[in-house]
Every structure is written in structure tokens, then in C-alpha cells.
Amino acid sequence: MPRLMKSHNYNCRIRSVLLIIHLAALQQMSAFTQVNQNPGTNQLTVKAISTGKTTGHIATLTIINHSDKTVLFDGGAYFIPSSGHAQPYASPQIPKTEVVGKSSIQVPIHGYCADIRRPPVPADSELPPFSQWIKVLPVDPLWKPDPSFGWVKNTGLNPQPVVTIPGTDRPINHTIDMDRYPVAAGTVLVDAVRRLEEVYDSLHQTGIIKTPFASNYEKEKETVIQHSFWIFSAGLTGHPYTKEEFSDKTTEQFEKQTGQKLFVLPEVAKETLMKGIDDFWESFQLTGAEAKIIPTKPNNKPSDHNPASNPLGENVKDIKPHSDKPDVTDKLAAEAKAKGQQIEIKSQSGKDEMVHEAAHVTQQTSGKKEGESADTAGDKKDAKPKPRCKCINITGKVKTSRSLSEYSFEVNPDSQSPTVIKDPNVSFDKPADVRKPVEFTVTLSELKLECTCDDGKCEQLSSKKGKSDNKYGFSVTQYTTGLELDGDSKKTGDTSQDFNFKSKSVASKDIVINFKISAYCGSDACSQSFCSATIRLSLKMMTQ
């Protein structure tokens, strides 16, 4: 058992090694991108110091105001290009920040590595100058890669990367050099990260994401989003990040750390390692497909259902968490961060570190289909899958407590664009004192999901797979800086839910809030489908 314990410890270390590489180049058409256009930056000194991490809190931004007046640092989404040796990063949102005259503040930067094959900026080292950072806006759904901005069309000798234009099912069919064209590449990369963050909470809430990091929400989220993003970013370069590569790297690191070859280990240890790799990769693929940055079926394999009806495909059912046996070590938690990767773990802290590191090593396609174990996949390969339910629409109403009006909505769950609801009847100024915020409640009510299936009746089941207690899942996915959500951002309920907000430093005319509604459809004759839609509430005045 000591050897097995040691082998699991070093598995834990493997993950850190790969998660270190980050987001790639930002260069896109000026219609979508701004190169560091921040109001007041001529009065500010801005620099970022690396934390040495590839994911999460990647750096700390220090902003110094040299003027006598308060200056607004506008924030936004940024691509941070590579300095050459180290990885580039994508930061989906740096918050707006007011800097009082003759003072300085520090702002944590949240981001993801854009290049799986380069190391992070060393801890305590300065990132590339802020003047070189590229501020980006969301990609237009009608966007197409333009060769004049560095996109190279694939040919027979240049295999097509398995990625899509973010938010669509259309393959990009081009590659790009992130270092030479950071604006064009960065625009697409940052948008991909933004979409991954938007869909992750819904997937996690419904229990679809299953990894050895299940006990630590933040670690699992960072791991899954980073790996899904690496699949996308590597695909843009024409050098895809594959499951085979991940598996080979995991095995290589395991053997290096433990000093023993995989083939001499007991079968249970080998199966544990392989099962961990499969579980991770499945979750990466599902998240990327739901965010619509990679196809539903990897490597362009034929789909056995309509992708539009459920971007998660048939792979959803059998993603199961994997935990280790009581004899597997958990003492690597402290070491794992910098030394390696672990696929399976026992203690909470050890489990978190191992999975986070394991995410670095994972690569591409999942080998088994939904509903199949490694032992039974061959026996069931000829079984005809059930037809899948289709989500038709979600209807309901939205009301803000400071408004007399109530607004109805109808949303197509297939749409990747939020349904915008404008309520211009809410009017309040920016609070003069953050200690006396303006409070208001947003109520989502009278929800109804319609489902259909070609081979039979298809009904709404629940907000959680396999459950029947709560009809809908509700979540707040995004809101304007200066607002504060009072209570949980994710809830379940029957057909209505209230969300309480406090405006500490923003007027009603600038407030925008995104809500996600989710549920499942299914029946005896038809497989379940996950249905979700985003409602965007804007309190902006009609004249704006």
C-alpha cells in the first residue's frame, strides 16, 4: 500500500504543471476591440504584478492617481498579450474602480491562461505594460474570421481545429498566431472565457459537472473552465489540445514523480488514474459544448441527436464523481500546487489541490458514450439511443419592486443571446453614501417550460436531473459593478423567485442584471434535455 499511496500523491502533482498555460493573442477588428482605451488613464499609473498562477487570481493591479480629483478606472474585459516566453491571459472582467485624488488602490485580476504550452509569468514579476493590454467587447454573432487581420484559412495540409465561432455552431475553419495578431485572436478568446463562465454555474447547479473536485466549488470551476478554454485556444493555433496528449502527459508525470512505471501498478491504481482522466475530460467537453465554443460531438463525429435541442448531447448521463480509497494519501494538498497533478483524492483539501492540478494535464475527446462504462461500452455499441426531448420555449414575467409595471417574456432555449427586458420606470440616483444603499427586489414569476419529442410525450421534470421536488433553477449570472446581491445567487423553486439587490454606488440608469432560468425535460420514451435561458433586465432610461 505505501507504493500505491505514493503514486496517488504524485498523480495529484501532475495537474498543476499543465494548468499554468494561459489565454492567447488579442487582435480583432476595431469594431469589437479597443487597445487600452480607459477614461482617465493619462492621469493614472497602472501596473500589474503576477501571482504566479495560471488561473483565478492571476495578478494584482495597482492604480495610482496623480491628480487632485477622483478618476474613474473604467475596467472591462482584457486580453493580456505574452511578453514572449510566458503565457498570455484572458480576463473576462476587471471591475470599474474610482481612485480618489493623490491615492492608490489595488485590484485583484481574475483571468485564465490562453496557451497550454507556455509557463505563467513568475510570481512577483510585472506583467506586460498596461498600455499594451487590449480591451475587448463581445464577439458579434455574425462575425467571420478575416484574413486581413491574421486569420489563415485551413487547407488539406492544415487540419481544421475543432472549435466554433463563440456562441454559434459554425466552425471557425481558420487558425491564427496569437503573438503576431493579439487583437484579432484576443477578441475571440476573451469572449470564449466569458461564455464558459456564464454556463458553468447552470451546469454545476443541475449536477452535470462531475469531477474529483466536486467538494470544492471554486477549484472545480477554475479547473473545468481553464481546460475547456485550453481546448478552444489550442484549436485556434492549429495545434489542438487532445485527450491523448493529456493522458500521455499525466502518465509521464506520474511515472516521473513516483519513480515507477504505470504498468507495474496494481490494476485498481491504473483504473483509478484512467477513470479520473475520463471524468475530467468529459466535463471539459460538456462545458465547452454548452458554451458553444466547441462542437457538441468532438472531432466532428456524427451526432445521434439534434445538437440544437441540447448542446450537451448524450454524454450528460453518466458523468460521475470519482473518489479514492481510504488508503490513498491526502497529504499532498500543500505540495500539489507547484509540483504536479492528482486525479483522485480523499480529504477535502487534498482533493481540491489534486483536481486543480489535474486540470492542467487533461486533453481532448472522451472515449465512452453516455450510459456506458468501460466494461459495457462494447456490448452496448449497437443499442439505439432514445430520441431526445426538445426545449421549445420558456415564458414568464419579471417585475422590479420600485416599478409598477410587470413585463412578460418568451425565450427560445436554443438562443445563446439573452432576452432583454427594459424597465425604464425604476429611477433613483447614485447613493451618496455606500452605507445607505438603495434596495430593490426583482421577481421572476409564472414560469412555464414547453417541451416536445418526436417519439412521444415530453414533459418538464425538474430543475435537477433525476429529481422532482423543484421545477426551476434560478441564478444571477452577472450584474453591474456597484450592485450587491443580498442572499444566494443560485436558488431553486416552483415557478417564482425573488432576488434582493442593494445599489451602493450606481444609479438605476446604469443597472443591468442577467438571470438564468433552467430546468429539465424528459419522459419514458424520450431522453432528458437540459433547458436554459438568460433574461437580461435593464433599468436604463428609454432615452439612453
Side-chain angles (χ1 to χ4, degrees), residues 32 34 37-39 72-78 91-98 110 135-141 166-167 190-191 193-202 291 394 396-411 415-431 434 437-445 474-491 497-518 532-544:
F32 303 122
Q34 309 164 43
Q37 293 178 359
N38 234 316
L72 175 67
F73 176 79
D74 196 39
Y78 282 89
S91 179
Q93 186 61 47
I94 298 176
K96 290 183 179 180
T97 306
E98 287 186 343
H110 172 77
K135 189 174 183 180
V136 301
L137 299 176
V139 172
D140 189 289
V190 174
D191 196 58
V193 164
R194 178 182 63 82
R195 292 177 182 278
L196 286 167
E197 287 199 325
E198 286 180 354
V199 304
Y200 179 82
D201 284 338
S202 294
I394 297 177
K397 294 183 178 180
V398 179
K399 187 178 187 306
T400 308
S401 61
R402 288 178 168 267
S403 171
L404 297 177
S405 301
E406 189 175 56
Y407 298 87
S408 299
F409 63 84
E410 180 172 344
V411 191
S415 174
Q416 290 296 305
S417 301
T419 294
V420 179
I421 299 171
K422 295 184 178 181
D423 187 351
N425 300 311
V426 179
S427 179
F428 58 81
D429 295 329
K430 173 182 174 180
V434 295
V438 176
E439 300 183 6
F440 63 93
T441 299
V442 178
T443 301
L444 303 177
S445 63
F474 303 78
S475 60
V476 179
T477 60
Q478 203 170 34
Y479 49 89
T480 302
T481 300
L483 275 186
E484 182 178 283
L485 176 62
D486 187 9
D488 294 335
S489 63
K490 293 180 289 187
K491 302 179 181 181
Q497 196 62 252
D498 293 336
F499 290 92
N500 301 315
F501 293 90
K502 295 179 180 179
S503 175
K504 291 189 170 184
S505 60
V506 61
S508 59
K509 66 182 180 64
D510 296 318
I511 293 176
V512 177
I513 309 170
N514 282 0
F515 299 90
K516 177 153 284 190
I517 303 165
S518 60
S532 67
T534 298
I535 309 300
R536 177 171 293 167
L537 174 64
S538 173
L539 304 184
K540 294 179 180 293
M541 303 297 289
M542 286 295 192
T543 56
Q544 294 184 345

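This chain uses plain numbering: 1 for the first residue, then up along the sequence. Just so you know, these numbers come straight off a predicted model, no measurement behind them.
Inter-residue side-chain proximity for P138 and R194 is flagged as met; some heavy-atom pair is nearer than 4.5 Å. In this structure, I535 and I517 have side chains that are in contact, with non-hydrogen atoms separated by less than 4.5 Å. The side-chain heavy atoms of V476 and F501, taken from C-beta on, include a pair separated by under 4.5 Å.
More than 12 non-hydrogen atoms from other residues, nucleotides or ligands lie less than 6.0 angstrom from NZ of K491.
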task = Output, in order, the C-alpha distance, side-chain angles, deciding distance and verdict of side-chain contact (heavy atoms from CB on, under 4.5 Å) for E98 and S505.
result = CA-CA 10 Å; E98 287 186 343; S505 60; over 6 Å; no

request  = Show the numbers, then the answer: is there a side-chain contact (heavy atoms from CB on, under 4.5 Å) between F440 and V426?
outcome  = CA-CA 10 Å; F440 63 93; V426 179; 5.8 Å; no

message = Pair V506, T481 - check side-chain contact (heavy atoms from CB on, under 4.5 Å), show working.
response = CA-CA 8 Å; V506 61; T481 300; over 6 Å; no

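The minimum heavy-atom distance linking I511 with A507 is given by the pair CG1-O, 3.4 Å. The nearest pair of heavy atoms linking L196 to A291 is CD2-CB, 3.8 Å. Closest non-hydrogen pair, K399 versus S405, comes out as CG-O, 3.5 Å. Annotation for D510 and T480: closest pair O-OG1, 3.3 Å, computed over non-hydrogen atoms. When every heavy atom of S538 is checked against every heavy atom of V512, the shortest pair comes out as OG-CG2, 4.2 Å. The minimum heavy-atom distance between V190 and P92, with the atom names listed, is CG1-CA, 4.3 Å.
Here L485 contributes atom CG and N500 contributes atom CG; the two are 8.0 Å apart, rounded to the nearest 0.5 Å. Here the CG-CG distance, from D423 to L539, works out to 6.0 Å after rounding to the nearest 0.5 Å. Considering CZ of F515 and CZ of F409, their distance stands at 10.5 Å, rounded to 0.5 Å. Between the OG1 atom of T443 and the CD atom of Q497 there is a distance of 9.0 Å, given to the nearest 0.5 Å. Rounded to the nearest 0.5 angstrom, T534 OG1 and Q478 CD are separated by 9.5 Å. A distance of 7.0 Å separates CG in L537 from CD1 in I421, rounded to the nearest 0.5 Å.
In this structure, the side-chain contact (heavy atoms from CB on, under 4.5 Å) partners of S475, at least two apart in sequence or on a different chain, are S202, Q205, T477, K490, K516.
Although no hydrogens or angles enter the test, the distance criterion places no donor-acceptor pair under 3.5 Å between the side chain of T97 and the main chain of F73. Using modelled atom types, no side-chain atom of T400 and backbone atom of R402 make a donor-acceptor pair closer than 3.5 Å.
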